[in-house]
Amino acid sequence: MTTTAEPAPAASPAGPPEDRRPRGLAWLYVIGGAIGLAGSFALVLEKLQKLANPDYVPTCSINPIISCGSVMDSPQAGVFGFPNPLIGLVTFPVVVTAGVAILAGFRPPRWFWLGMQAGTLFGIGFVHWLIVQSLYEIGALCPYCMVVWAVMAPLFWYTTLHNLRNGYFGGGVSLGVALTRVHTVILVVWYLAIVVMILQRFWYYWTSLI
């Protein structure tokens, strides 16, 4: 009597697709989304105080450089015709909800991940536009805004890596696997580049404090 072993499924050269319920990314959505929501909510409260009393000095206005008031009074603070933090109040709860759903057992389809990619792409693009405007046009930094800047980078980066590794862009699995090996290096360099820009732009002020 002979038995025939079932053939093993062929493995992709780049490795098998990931579990469609990535718990690490889900926790990032929950924690990062909550932090971004807190920063956006604080900005909305400060804006309301400013609207009620034009002489109000926001709590995050510390010196001529770290000054939420200067940023809030700029045209860039309402580029779409309403205060920018309202975008965060709408979008970050979606990010948190997505994370909670994945942790609860939801296995998102491809369209979900492409939607998250589009949302985080818009967010990171808008954030970097605001960084340039804050540094070179407004000439001031908003601490609460910088909290949102800080969380958008990993939200975009790890969503992109997840989509690459799973081939949701129609390819790029090998690239995703390769980038995953240096994922923290790229994120650290990204943060450092922004810090260097801030130091360089306001070097005259930082050195005056010494």
Side-chain angles (χ1 to χ4, degrees), residues 20-53 56 58-61 67-135 137-138 140-163 168-169 187 190-191 194:
R20 291 191 177 186
R21 191 164 62 93
R23 297 182 64 84
L25 184 56
W27 278 113
L28 175 63
Y29 284 171
V30 172
I31 298 172
I35 293 173
L37 179 59
S40 300
F41 185 69
L43 280 169
V44 169
L45 292 181
E46 295 289 350
K47 182 63 176 179
L48 291 175
Q49 292 275 16
K50 188 78 171 173
L51 291 173
N53 178 14
Y56 173 72
T59 58
C60 46
S61 291
S67 175
C68 286
S70 300
V71 176
M72 287 180 184
D73 292 337
S74 69
Q76 292 90 335
V79 67
F80 295 110
F82 52 84
N84 294 341
L86 293 179
I87 300 175
L89 285 186
V90 173
T91 57
F92 282 120
V94 174
V95 175
V96 174
T97 302
V100 171
I102 295 170
L103 290 173
F106 175 53
R107 293 180 179 270
R110 178 173 179 267
W111 63 262
F112 170 92
W113 289 114
L114 293 180
M116 293 300 294
Q117 186 68 58
T120 56
L121 177 61
F122 168 81
I124 200 64
F126 187 46
V127 157
H128 279 69
W129 180 80
L130 290 173
I131 291 173
V132 172
Q133 295 299 306
S134 293
L135 293 179
E137 295 293 332
I138 303 170
L141 297 170
C142 167
Y144 294 142
C145 302
M146 294 169 72
V147 169
V148 177
W149 300 354
V151 299
M152 274 310 308
L155 288 175
F156 167 77
W157 176 232
Y158 288 108
T159 298
T160 302
L161 283 182
H162 175 78
N163 287 336
Y168 291 149
F169 297 136
L187 194 59
W190 192 344
Y191 281 135
I194 296 174

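The first residue in the sequence is number 1, and the count goes up from there. Predicted model, so just to flag it, every value in this text is computed and none were measured.
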Review point. Is Leu43 close to Met72 at the side-chain level, that is, under 4.5 Å between some pair of heavy atoms?
Key: yes

Review point. Can Met116 and Asn163 be said to form a side-chain contact (heavy atoms from CB on, under 4.5 Å), step by step?
Key: CA-CA 10 Å; Met116 293 300 294; Asn163 287 336; 5.8 Å; no

Review point. In terms of the angle between their ring planes, are Phe112 and Phe106 parallel, tilted or perpendicular, with boundaries placed at 30° and 60°?
Key: perpendicular

Exercise for review: Write down the atom of Leu141, the atom of Ser134, and the distance for their closest heavy-atom approach.
Suggested key: CD2-CB, 4.5 Å

Review point. Do other residues, nucleotides or ligands put more than 12 heavy atoms under 6.0 Å from the CH2 atom of Trp27?
Key: no

Exercise for review: Answer yes or no: is there a donor N or O on one side and an acceptor on the other, between the side chain of Ser74 and the main chain of Val71, under 3.5 Å?
Suggested key: yes

Point to revise | From Leu130 atom CG to Cys145 atom SG, the distance as rounded to the nearest 0.5 Å | key: 7.5 Å

Review point. Can you tell me if His128 uses its side chain to pair, donor with acceptor, with the backbone of Ile124 under 3.5 Å?
Key: yes

Review point. Does some side-chain heavy atom of Leu103 sit less than 4.5 Å from a side-chain heavy atom of Val30?
Key: yes

Practice item. Evaluate whether atom CZ of Phe41 has more than 12 neighbouring non-hydrogen atoms of other residues, nucleotides or ligands under 6.0 angstrom away. Key: no

**Study point:** Flag side-chain contact, heavy atom, 4.5 Å: Gln117 against Tyr168
**Key:** no

Review point. Does any non-hydrogen side-chain atom of Leu187 lie less than 4.5 Å from one of Tyr158?
Key: yes

Check your understanding: Using the ring of each side chain (for Trp, its six-membered ring), is Trp190 parallel, tilted or perpendicular to Trp157, with breaks at 30° and 60°?
Key -> perpendicular

Point to revise | Tyr144 side-chain N/O to Val44 backbone N/O, donor-acceptor pair under 3.5 Å | key: no

Point to revise | Donor-acceptor pair, side chain of Ser61 and main chain of Cys68, under 3.5 angstrom | key: yes

Review point. Looking at OG1 of Thr160 and CG of Leu155, how far apart are the two atoms once the value is rounded to the nearest 0.5 Å?
Key: 10.5 Å

Practice item. Could you tell me whether the side chain of Ile35 reaches within less than 4.5 Å of the side chain of Ile31, counting heavy atoms only? Key: yes

Practice item. Compare all side-chain heavy atoms of Leu51 with those of Tyr56 and state whether any distance is below 4.5 angstrom. Key: no

**Study point:** Asn84 side chain vs Gln76 backbone, donor-acceptor pair below 3.5 Å
**Key:** yes

Practice item. For the residue pair Phe122 and Thr91, establish whether any side-chain heavy-atom pair is separated by less than 4.5 Å. Key: no

Review point. Side chains of Phe92 and Met152: does their closest heavy-atom pair fall under 4.5 Å?
Key: yes

Practice item. Please report the closest heavy-atom contact between Ser40 and Leu89, naming both atoms and the distance. Key: CB-N, 4.0 Å

Review point. For Ile102 and Leu25, what are the C-alpha separation, side-chain angles and deciding distance, and is it a side-chain contact (heavy atoms from CB on, under 4.5 Å)?
Key: CA-CA 9 Å; Ile102 295 170; Leu25 184 56; over 6 Å; no

Exercise for review: Go through Val90 and Val94 one step at a time and tell me if the side-chain contact (heavy atoms from CB on, under 4.5 Å) criterion holds.
Suggested key: CA-CA 7 Å; Val90 173; Val94 174; 5.6 Å; no

Practice item. Carefully, step by step, assess Thr97 and Tyr29 under the rule side-chain contact (heavy atoms from CB on, under 4.5 Å). Key: CA-CA 8 Å; Thr97 302; Tyr29 284 171; over 6 Å; no

Practice item. Please report the shortest heavy-atom distance between Ser70 and Ile138, naming the atom on each side. Key: O-CG2, 3.9 Å

